[in-house]
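Letters A, B, ... mirror the listed sequences (proteins, then strands); counts begin at 1.
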There are 2 protein chains.
Amino acid sequence: MPDTAPAPPSPLGIAVPHRELLDQLFDKWSPQVLELLCDSPLRFSELRRSMPAVTAKSLTATLRRLERNGIVERLIVSSRPVAVEYRITPLGKTLREPIDVLLEWIGTHMAGVESARARFDREEVTG
Amino acid sequence: MPDTAPAPPSPLGIAVPHRELLDQLFDKWSPQVLELLCDSPLRFSELRRSMPAVTAKSLTATLRRLERNGIVERLIVSSRPVAVEYRITPLGKTLREPIDVLLEWIGTHMAGVESARARFDREEVTG
DNA sequence: CGGCATCCTGGAGGATACTG
DNA sequence: CAGTATCCTCCAGGATGCCG
């Protein structure tokens, strides 16, 4: 089994596929979808109800990308009326840890970031 | 340890400032800049040399955003000729952990993602 | 050397309407 | 219900040129 990449965690600038994946994981709606599906499988319309700001087109695109990356899976539950269920895959579940670590960082340091912003903006105006 | 739903640290969809920060931390060049500055402070031109693909304008914008968020700091080392040094802040250093966790996830699961992609693309064509 | 100012383009994502 | 089909907008980021 080519279980590749044992340790060195940082070909950040070079690794184009890594960038692409990163972009998809942190695109506009994926994090929220992941969060919702983490709790339980949901149907398309249930996702829409939970995300009032997203359009059908964008949600579809988001789900397709996640599905393509193996993060989410799409199951047709019944036809007429069509019912489709989205659920997180085992691979997708493993994403929770890194995402939660990131969210914890934000939770811990957001205040610091915001005061830095305030200082920066103030000095910009003041000179 | 909890068997289900350990801790919900996740106002992901709602928290707009979180999104904004997330977008800036994972924009096109910030991760690479962070990685480079993590090792040692660098001057603008040194960063450019290390990042052949970035334009001056984009690098400047990236650094300004990072500076505004308190992740990086900008010091004028000398004038005539102008020399400016960028270095990571203590706040910025704390970002390494979440980023490394993410990179490790990618390192570990990229193969799985790619095989999922291959399967998806194949099935799309086939049927 | 370390930038701005300007112009331009690609592609994500919204609005709206339609369909199997 | 779960999408597709168009059209349109916005803006990150590239290209180029100038400047203190």
Establish, with yes or no, whether the OP1 or OP2 oxygen of [N] is under 4.0 angstrom from a side-chain nitrogen or oxygen of [X].
X: A/R64; N: D/dT4; value: yes
X: A/T60; N: D/dG3; value: no
X: A/T55; N: C/dG13; value: no
X: A/R74; N: D/dG3; value: yes
X: A/Y86; N: D/dG3; value: yes
X: B/R65; N: D/dG13; value: yes

Would you mind reading off the distance between [X] atom [atom1] and [N] atom [atom2], rounded to a whole angstrom?
X: B/L66; N: D/dA12; atom1: CG; atom2: P; value: 15 Å
X: A/L63; N: D/dG3; atom1: CG; atom2: P; value: 8 Å
X: A/L59; N: D/dT4; atom1: CG; atom2: P; value: 11 Å
X: A/Q24; N: C/dA12; atom1: CD; atom2: P; value: 9 Å
X: A/K28; N: D/dC10; atom1: NZ; atom2: P; value: 13 Å
X: A/M51; N: C/dG13; atom1: CE; atom2: P; value: 11 Å
X: B/E20; N: D/dA12; atom1: CD; atom2: P; value: 11 Å
X: A/L42; N: D/dA2; atom1: CG; atom2: C1'; value: 15 Å

Among [options], the nucleotide that comes nearest once only the side chain of [X] is considered:
X: A/S45; options: D/dG13, D/dA2, C/dG2; result: D/dA2
X: A/V84; options: D/dA2, C/dC1, D/dG14; result: D/dA2
X: A/F44; options: D/dA2, D/dG14, C/dG14; result: D/dA2

Q.
As a test of understanding, state which of B/H109, B/R117, B/E114 forms a side chain to side chain donor-acceptor pair (under 3.5 Å) with A/N69.
A. B/R117

**Q.** Same apolar cluster (I L V M F W Y, side chains within < 4.5 Å links), B/F26/B/L37
**A.** yes

Q: Identify whether any heavy atom of B/R43 sits under 4.0 Å from a base atom; if not, whether one sits that close to sugar-phosphate; answer base, sugar-phosphate or nothing.
A: sugar-phosphate

(Q) Under 4.0 Å, heavy atoms only, any strand: does A/V82 hit a base, just the sugar-phosphate, or nothing? (A) base

Q. Any side-chain donor paired with an acceptor under 3.5 Å for A/W105 and B/T94?
A. yes

Q) Do A/S30 side-chain atoms and A/Q24 backbone N/O form a donor-acceptor pair below 3.5 Å? A) yes

(Q) I'd like to know if the side chain of B/T60 and the backbone of B/A56 have a donor-acceptor N/O pair within less than 3.5 Å. (A) yes

(Q) Suppose we call a contact any N or O donor and acceptor under 3.5 Å apart; does that hold for the side chain of A/K57 and the base of C/dG14? (A) yes

